[in-house]
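Note sheet for the following structure.
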Protein chains: 2
Amino acid sequence: MSKKSVPAASDTETRATSEHAPDLRLWLRMLACTNLIENHVRSRLRAEFDITLPRFDLMSQLERSPQGLKMGELSKRMMVTGGNVTGITDQLVGEGLVVREDSPKDRRAYLVKLTPEGRRSFRKMADSHEKWILELFSGMDEGQRGQLYGLLAALKTSASRVTGKK
Amino acid sequence: MSKKSVPAASDTETRATSEHAPDLRLWLRMLACTNLIENHVRSRLRAEFDITLPRFDLMSQLERSPQGLKMGELSKRMMVTGGNVTGITDQLVGEGLVVREDSPKDRRAYLVKLTPEGRRSFRKMADSHEKWILELFSGMDEGQRGQLYGLLAALKTSASRVTGKK
DNA sequence: ATGAAAATATCGACGCCTAAAATATCAAAA
DNA sequence: TTTTGATATTTTAGGCGTCGATATTTTCAT
């Protein structure tokens, strides 16, 4: 059993690398997957519809809430800051895809809604978008995808306990 | 059994929402998890070490490659564009945490390396960083984490086939 | 050797994103 | 009421990120 001959990590120079905790590797892998997919989607949205991912994302939130959403709601759902939502909304308003309506209940707030053109435009893009996602996940079988879905629920719960955010 | 009174989705106005393909939901959940964790790490890095996530990330790549990395290598590993790496590197050079050395093999290229101070600084941050990740994943048991790790490998393979990127 | 094509990095313009401060409104207590 | 504190949004300053263009160097087929 010849052990003992391992480098022995000289006092000063210190061992090399890849002694990462498994959790760290797990996180880095997850991040890599997400970036891979996100970058792909971003570039296809740009190439085929000349739109940015954040704008698409905002429209997507609105499509699910036809009654309109307040800026703060959008901010929460998109997981970005309020100031950021202001900018993205400005752009979409300029393109006629979205409107800011005064909230009847609260004069501080707006209700942001898709315009008819915004709705039309979004539906066309959403079809393609969904196909791209399908394609990206198509190398996993049904069972794997189901498992992954469940594990991510567990991760969300675990992380939320730490971050405080629901 | 009074059914029948459900909205019945009039011809034009069109049904509501949540008729998303399971894969789309899976992707959105994954994205939510990643954003949750990434935002948390970003804000702790800022609060406790006054550094940005991209700078930390770049330093982390260099720490694993003591021989130095070319700008293009950094770009690939960080999954961002070359122009972006130029900017982040400039900042780190300005802070004395990193140096650009001329590549002996190729006069177009640099070898970016951590300075001794950069190395010191990174090690301190990396310890905390790893603890944060551990904590965020701590609500999952060993088996779950292992499963997730495996499934992400499958996803990476699946997505890579589409994106072309290795 | 030469000239075309590919690789390496930077730059400029623009949009996303954050944190912190400013503005305006609301709600509730003094 | 008027103050106080919380909520909703915008603004500002600065860093990150993309794309496309440029300059330099290398590579490789002629």
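Quick note on labels: first sequence line is chain A, next is B, and so on, each numbered from 1. Reckoned from all heavy atoms, side chains included, excluding hydrogens, waters and symmetry mates.
- Separating the CG atom of B:D102 from the P atom of C:dT8 is a distance of 16 Å, rounded to the nearest angstrom.
- Position along DNA chain C of the nearest nucleotide to B:E73 versus A:R55 favours B:E73 as the more 5'-ward residue.
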Check the pair A:E73 / A:K70 against salt bridge (charged side-chain N to carboxylate O under 4.0 Å, His left out), numbers first and verdict last. CA-CA 5 Å; A:E73 260 306 312; A:K70 295 195 295 181; over 6 Å; no
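- Using a 4.0 Å cut-off between a side-chain N of Lys or Arg and a carboxylate O of Asp or Glu, B:R119 and B:E63 do not qualify as a salt bridge.
- Nearest-nucleotide assignment on DNA chain D puts the 5′-proximal partner with A:G83, out of A:N39 and A:G83.
- Closest approach to the B:R107 side chain among D:dG17, C:dC16, D:dT25 is made by D:dT25 (side chain taken as heavy atoms from C-beta onward).
- Rounded to an integer number of Å, the gap from B:Q91 CD to D:dG17 C1' is 13 Å.
- Regarding A:E38, its CD atom lies at a distance of 10 Å from the P atom of D:dT18, rounded to whole Å.
- Both cation-pi conditions hold for A:R29 and B:Y149: the charged atom is under 6.0 angstrom from the six-membered ring centre and inside a 45 degree cone around its axis.
- Here the C1' atom of nucleotide D:dC16 and the CE atom of B:M79 are 17 Å apart, to the nearest Å.
- Heavy atoms of B:T86 sit under 4.0 angstrom from at least one base atom.
- For B:D106, taking side-chain heavy atoms from C-beta onward, the closest of the listed nucleotides D:dT25, C:dT10, D:dC16 is D:dT25.
- The base of C:dA9 has none of its N or O atoms less than 3.5 Å from a complementary donor or acceptor on the side chain of B:R108.
- A:G72 comes within contact range of the sugar-phosphate backbone alone, with a heavy-atom separation under 4.0 Å but no base atom that close.
- Ion pair B:R107/B:D102 not flagged as a salt bridge, since none of the NZ, NE, NH1 or NH2 atoms sits closer than 4.0 Å to an Asp/Glu carboxylate oxygen.
- The side chain of B:V80 approaches D:dG17 more closely than any other nucleotide in the set D:dG17, C:dT18, C:dA9.
- For A:A109, taking side-chain heavy atoms from C-beta onward, the closest of the listed nucleotides C:dC17, D:dT18, D:dT9 is D:dT9.
- Closest to the B:I88 side chain, of the nucleotides C:dA9, D:dA8, D:dG17, is D:dG17.
- The side chain of B:N84 lies closest to D:dC16, out of D:dC16, D:dT10, C:dT10.
- Mapping B:R100 and B:R46 onto DNA chain C by nearest heavy atom places B:R100 closer to the 5' end of the strand.
- Residue-environment remark: CG (B:D50) stays at or below the threshold of 12 foreign heavy atoms within 6.0 Å.
- Residue B:T52 has a polar side-chain atom (N or O) positioned under 4.0 Å from OP1 or OP2 of D:dC16.
- Here A:R42 does not reach the OP1 or OP2 of D:dG17: none of its side-chain N or O atoms lies under 4.0 Å away.
- One can place CE of B:M78 at 7 Å from P of D:dG17, the figure rounded to the nearest angstrom.
- Whole-Å rounding puts the A:L69 CG to D:dT9 P distance at 10 Å.
- Nucleotide C:dC17 holds its C1' atom 15 Å from the CG atom of A:D90, rounded to whole Å.
- Atom NZ of A:K70 and atom C1' of C:dA24 are 14 Å apart (whole Å).
- Salt-bridge check for A:E117 with A:R120: failed, with every basic side-chain N at 4.0 Å or more from each acidic carboxylate O.
- Here A:L53 lies out of heavy-atom contact (under 4.0 Å) with every strand.
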